[in-house]
Every structure is written in structure tokens, then in C-alpha cells.
Asks: 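Please find one structure pasted underneath; my questions will follow.
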Amino acid sequence: MLDTFARKEWPVAQSWLSRVYGLGVHDCEDVFQEAFIVLWNHMRQGRFDIHHDKVGSYFLGICKKKAQETMRKKQRFVPVPDDVLAAREFSAEKSEQLLLTFESEASLREKKETMIRQMLRQMPEPCNKILWAFYFESFSMQEMAELYGYASAAAVKVTKHRCLEKFGKWCSEKFKTMFR
């Protein structure tokens, strides 16, 4: 399901990011991957209602923010007027078709957790344990320090950051193979 969404939105996002921001393919892939992770986290946290919101428009909004971050990092910030983004909306029919692809919310949550669990299993320890404990079990840094034998919460935070970077690179590679 997420794979289908990503495959459908990739050409739209790449074209838009290239046209509006002048990003190359590599930067477009990075922005797309970061936006996809943000979308997934928003859905997981209940900040986005898949049944009431327009997924494509919401996703492009996230891409816009991520592209602007990329441009700021490269010292090439280009503001995008909101009317440019508003022009890209799903019709009611397309939105309905997309929503029909999703099963119940509980089933969707289970599928996402299964997918992430499989991806985390492929990560080396301690990354798999730390990322799962933080994002899915809501453990604090201090709780993880005590649980996994770290000297401090700060040490766990550094390890979590490094693991998240590894996870992002791994996801990026996965997306590259998906869109070939």
C-alpha cells in the first residue's frame, strides 16, 4: 500500500521539485524520502487523518518544506508561493480511489508496523533496539540508557541519531531500487 502510494507520487514530486526548485534527481530522491518518512510519522502519530485529508496535497506540502530545508542548506533558498502548491490537488474521484485502497485503520497500522519491524530487523544492533524502543515503545532516552546499559541519556541520544542516519540511508537505497 505505501509502496503503491510512493510509486504513484514519485513522478509528480520529482517533476514538481525539479521545476520549482531546480533540484537534481539525487536531491529529489532525498527530499522525497524525507517527506515520506514525515508522512508516515504523521499518520502513525494521528496528526494526519487518511480518511479525511488529501494525501497527495499533504505529501507535496511536506515535500515543499523539505525542499526549502535543502535549499537553505545549499544557500539557494527559493520561496514557493502557496498558490503553486494549491494547484496540485486530487479530484474527489481520485481521492476516493486512493482511500478505497486502504483497509481499516487497524489493518493499516498493523501493515505499517510489520513493514517497519522488518526494516528494523535488518538494521544491526543496537540500532534496531533503540529505534524501536524510541519510536514504537515511547521509551525516554533515560529509560533506554538504563535498559541497554548506556552511561547516560546523552549517549543514547547520540547513538539514536547515528542509527537514524543509517536507517535513512538504508531507506534511500530501498527507494532508489523501487523507482528504477
Side-chain angles (χ1 to χ4, degrees), residues 1-116 118-120 131 135-136 161 164-180:
M1 166 197 69
L2 292 175
D3 184 33
T4 303
F5 175 78
R7 286 180 193 276
K8 180 179 177 187
E9 288 301 310
W10 168 244
V12 174
Q14 181 188 19
S15 172
W16 185 76
L17 291 167
S18 296
R19 187 180 75 248
V20 174
Y21 291 98
L23 297 178
V25 174
H26 180 70
D27 286 334
C28 287
E29 288 173 344
D30 289 345
V31 167
F32 186 87
Q33 178 217 340
E34 291 174 14
F36 194 80
I37 291 169
V38 169
L39 175 66
W40 183 85
N41 281 328
H42 285 189
M43 290 169 64
R44 184 177 59 83
Q45 295 166 355
R47 292 172 49 190
F48 174 76
D49 185 357
I50 193 83
H51 300 289
H52 294 97
D53 296 325
K54 295 181 179 180
V55 180
S57 297
Y58 190 81
F59 182 70
L60 279 181
I62 297 169
C63 286
K64 172 186 171 184
K65 298 288 186 203
K66 291 297 179 184
Q68 289 173 344
E69 287 176 21
T70 298
M71 299 302 280
R72 274 192 289 274
K73 287 177 186 173
K74 293 183 174 198
Q75 304 289 333
R76 299 186 318 184
F77 177 72
V78 178
V80 178
D82 286 337
D83 61 325
V84 171
L85 183 63
R88 164 68 172 107
E89 291 187 15
F90 280 112
S91 68
E93 181 181 311
K94 287 183 180 177
S95 296
E96 196 61 35
Q97 287 174 344
L98 180 62
L99 292 176
L100 289 175
T101 64
F102 298 114
E103 297 171 10
S104 71
E105 190 173 317
S107 175
L108 177 62
R109 190 176 311 113
E110 288 172 14
K111 288 178 181 178
K112 287 189 292 187
E113 283 189 14
T114 299
M115 182 180 79
I116 295 299
Q118 290 170 349
M119 290 167 42
L120 285 178
L131 293 176
Y135 289 106
F136 292 96
H161 177 74
L164 202 51
E165 286 179 341
K166 287 178 187 177
F167 188 73
K169 287 178 184 175
W170 183 81
C171 287
S172 177
E173 290 301 315
K174 186 168 178 79
F175 279 118
K176 285 178 186 175
T177 60
M178 278 176 36
F179 298 117
R180 287 185 183 163

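Throughout, residue positions are numbered sequentially from 1 according to the sequence presented. All values below were derived from every heavy atom in this structure, side-chain atoms included, with hydrogens, water molecules and symmetry-related copies excluded.
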Asks: Go through the steps to decide whether K8 and T4 satisfy the test side-chain contact (heavy atoms from CB on, under 4.5 Å), and finish with yes or no.
Replies: CA-CA 6 Å; K8 180 179 177 187; T4 303; 5.5 Å; no

Asks: Measure the spacing between OH of Y58 and SG of C63 and express it to the nearest 0.5 Å.
Replies: 12.0 Å

Asks: Rounded at 0.5 Å granularity, tell me how far NZ in K169 sits from CD in E165.
Replies: 6.0 Å

Asks: Rounded to the nearest 0.5 Å, how far apart are NE2 of H42 and CZ of F59?
Replies: 12.0 Å

Asks: Determine, step by step, whether L17 and D27 satisfy the side-chain contact (heavy atoms from CB on, under 4.5 Å) criterion, reporting the C-alpha distance in whole Å, the side-chain angles of both residues, the deciding distance to 0.1 Å, and the verdict.
Replies: CA-CA 9 Å; L17 291 167; D27 286 334; over 6 Å; no

Asks: Hey, does E9 have a side-chain heavy atom less than 4.5 Å from the side chain of F32?
Replies: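 Yes, at least one pair of side-chain atoms sits under 4.5 Å.
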
Asks: Considering non-hydrogen atoms only, spot the tightest contact between C28 and Q14 and give its length.
Replies: SG-O, 3.9 Å

Asks: Identify the two heavy atoms, one from Y135 and one from L164, that lie closest to each other, and give their separation to 0.1 Å.
Replies: OH-CD2, 3.3 Å

Asks: Quick check for you: to the nearest 0.5 Å, what is the distance between E69 atom CD and D30 atom CG?
Replies: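 So the CD of E69 and the CG of D30 are separated by 12.0 Å.
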
Asks: Shortest non-hydrogen contact from V31 to T70?
Replies: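 So the two residues come closest at CG2-OG1, 3.5 Å.
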
Asks: So which atom in F167 and which in L131 form the shortest heavy-atom distance, rounded to 0.1 Å?
Replies: CB-CD1, 4.0 Å

